[in-house]
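Order of the sequence lines sets the chain letters (A, B, ...), proteins ahead of strands, with each chain counted from 1.
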Protein chains: 2
Amino acid sequence: MLAGQMNMNANVLKQAQSYCEEHKYRLTQPRLQVLKIIGTSTKPLGAYDILEELGKVIANPKPPTVYRAIEFWQQHGFIHRIESLNAYVACEAGHQHKGSQFMICDDCGAVIETHLCELPKPLKDSTAKNTFTPSRWNLEIHGVCAACDSY
Amino acid sequence: MLAGQMNMNANVLKQAQSYCEEHKYRLTQPRLQVLKIIGTSTKPLGAYDILEELGKVIANPKPPTVYRAIEFWQQHGFIHRIESLNAYVACEAGHQHKGSQFMICDDCGAVIETHLCELPKPLKDSTAKNTFTPSRWNLEIHGVCAACDSY
DNA sequence: CCTAAAATATTATCCTATAACAGTTTCGAA
DNA sequence: TTCGAAACTGTTATAGGATAATATTTTAGG
């Protein structure tokens, strides 16, 4: 595992801890362990993958346990759902944002998150033209990553 | 129902018919009826909604019947899947395209499709920076549409 | 300590989607 | 004109993803 990923993950956990303290949310075992599992994975994990991993650290967990933790972290911006994969990844941005952008390698399954604070102009124009008020968005770009492309 | 929608729908069916003739695909009852159902709906429909509607025009259809028709029209660019809703809508663009953009009203459920031939520059830059080769993408913008916003 | 709120545990079930295989339709070549 | 391969549908069963409902536990604060 790369040092960068180790650090990032440690950061996510630290941030989560501070966040919970600050907002008086409980950093319970299910929440902590689920975030750890998602945060240490190099690839998006399905809920039942998470459930399986979770079974190694807490006794006999059931789907709602996982889904509740997922919902919690998602609401607070620490993880994202990759809709086209029914899977979850840790947020790489380090703060809440209205929009998510992912590049998803169809070869190796890796996901790269990129950050944008606003909708790009052509899209903003489009919402304006339709008098549509955006609240959040999600962009999933499928393709082939650099590593896989070189084979 | 608005005239514009009626026309669009008739167009979709005509286009589909020509397309099938041209490419020697069979415009079978399940395919035709499923496209009609999706094309005449003003909102995205789940597969089991479609199944229910389909049951009114063909005898006792089963899920694979619907999913096969969905897959067919999706592959050929006539319908799109709204990932965040597990639902399907007719394509409004009238031709195949690599990317889809939707505005989804969280109030009334309406979906507006907008067309872009290319990824907007900030995103293209992002893929370039990561040496990522995009093949297709999907953007889903949630928010409130003009009609709902005025209430 | 006690209690109300927050969170979890447990059971059951719903919704979405597909695998596997048998049967049918279609069209072109012999 | 029929026969055989390919395309397509029918049917059964089940996999995979998510949540409703209710009981129980944990926790912070009065």
Side-chain angles (χ1 to χ4, degrees), chain A residues 16-17 19-38 41 43-55 57-76 78-89 109 140, chain B residues 16-17 19-38 43-55 57-76 78-89 109 138 140:
Chain A
Q17 193 172 1
Y19 182 89
C20 285
E21 277 172 20
E22 187 181 341
H23 293 82
K24 312 251 187 205
Y25 295 125
R26 297 187 206 160
L27 187 52
T28 60
Q29 277 303 302
R31 288 179 179 173
L32 176 62
Q33 298 302 335
V34 164
L35 185 59
K36 258 192 195 169
I37 289 165
I38 297 175
S41 174
K43 307 211 169 139
L45 294 177
Y48 283 73
D49 297 331
I50 298 168
L51 182 61
E52 198 179 321
E53 285 304 307
L54 190 59
V57 285
I58 74 177
N60 200 27
K62 304 289 192 311
T65 301
V66 167
Y67 281 103
R68 278 192 296 242
I70 286 172
E71 185 185 23
F72 175 79
W73 294 121
Q74 211 174 356
Q75 275 172 351
H76 298 288
F78 287 86
I79 68 175
H80 299 299
R81 182 171 203 272
I82 309 290
E83 301 278 1
S84 58
L85 302 176
N86 295 341
Y88 304 86
V89 293
E140 298 181 12
Chain B
Q17 194 172 3
Y19 183 89
C20 285
E21 276 172 22
E22 187 181 342
H23 293 82
K24 313 250 188 208
Y25 295 124
R26 299 185 205 162
L27 187 52
T28 59
Q29 276 302 303
R31 288 179 180 174
L32 176 63
Q33 298 302 336
V34 165
L35 185 60
K36 259 192 195 170
I37 289 165
I38 298 175
K43 306 208 169 142
L45 294 176
Y48 284 74
D49 297 330
I50 298 168
L51 182 61
E52 198 178 322
E53 286 302 307
L54 189 59
V57 286
I58 74 176
N60 200 26
K62 304 289 193 310
T65 300
V66 167
Y67 280 103
R68 280 193 290 239
I70 286 171
E71 185 185 24
F72 176 79
W73 293 121
Q74 212 174 355
Q75 276 172 351
H76 298 288
F78 287 85
I79 68 174
H80 298 300
R81 182 169 203 272
I82 309 290
E83 302 277 3
S84 58
L85 303 176
N86 294 344
Y88 304 87
V89 293
N138 181 48
E140 299 182 12

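Residue B:Tyr25 is the one, among B:Tyr25 and B:Tyr48, whose nearest nucleotide of DNA chain D lies closer to the 5' end (criterion: closest heavy atom). Of the residues near DNA chain D, A:Pro63 and B:Phe72, the one whose nearest nucleotide (by heavy atom distance) lies more toward the 5' end is B:Phe72.
Sorted pairs that involve residues 57-75 of chain A and meet salt bridge (charged side-chain N to carboxylate O under 4.0 Å, His left out), not counting sequence neighbours, are lacking altogether.
Taking only side-chain nitrogens and oxygens, B:Arg31 comes nearer than 4.0 Å to OP1 or OP2 of D:dC8.
Using a 4.0 Å heavy-atom criterion, one finds that A:Tyr88 contacts the sugar-phosphate atoms exclusively.
For B:Ala47, the side chain to side chain contact (heavy atoms under 4.5 Å, CB included) criterion is met by B:Val66, B:Tyr67, B:Ile70, B:Tyr88, not counting sequence neighbours. A:Glu140 is linked by a salt bridge (Lys or Arg N to Asp or Glu O under 4.0 Å) to nothing, counting only residues two or more places apart in sequence or in another chain. Checked against side chain to side chain contact (heavy atoms under 4.5 Å, CB included), B:Glu52 has no partners two or more places apart in sequence or in another chain. Shown here are the side-chain hydrogen bond (donor to acceptor under 3.5 Å, both in side chains) partners of B:Gln74, two or more places apart in sequence or in another chain: there are none.
Between the CD1 atom of B:Ile70 and the C1' atom of D:dT9 there is a distance of 15 Å, given to the nearest Å. Computed from coordinates, the B:Gln29 CD to D:dG10 C1' distance equals 15 Å when rounded to whole Å. We find that NZ of A:Lys62 is positioned 19 Å from C1' of C:dC14, with the value rounded to whole Å. Rounded to whole Å, atom P of D:dT11 lies 13 Å from atom CG of B:Leu51. Between A:Gln75 atom CD and C:dA6 atom C1' the separation is 13 Å, expressed in whole Å. Distance A:Tyr67 OH to C:dC14 P: 17 Å, rounded to the nearest Å. For the pair B:Trp73 CH2 and D:dC8 C1', the interatomic distance rounds to 13 Å; values are reported in whole Å. In this structure, A:Leu27 places its CG atom 17 Å from P of D:dT26, rounding to the nearest Å.
A:Tyr19 and A:Tyr25 have parallel rings, their planes meeting at less than 30° on a 0 to 90° scale where 60° marks the start of perpendicular.
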Polar atom pairs (N or O), protein with nucleotides 26-30 of chain C, under 3.5 Å:
none

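For B:Arg68 against D:dA7, no side-chain N or O and base N or O form a donor-acceptor pair under 3.5 Å.
With C:dT18, D:dA20, D:dC8 as the choices, the nucleotide that has an atom nearest any side-chain atom of A:Pro64 turns out to be D:dA20. The listed nucleotides are C:dA9, D:dG10, D:dT19; the one nearest the side chain of A:Thr65 is C:dA9.
Counting only heavy atoms from C-beta outward, the side chains of B:Leu54 and B:Val57 approach each other to under 4.5 Å.
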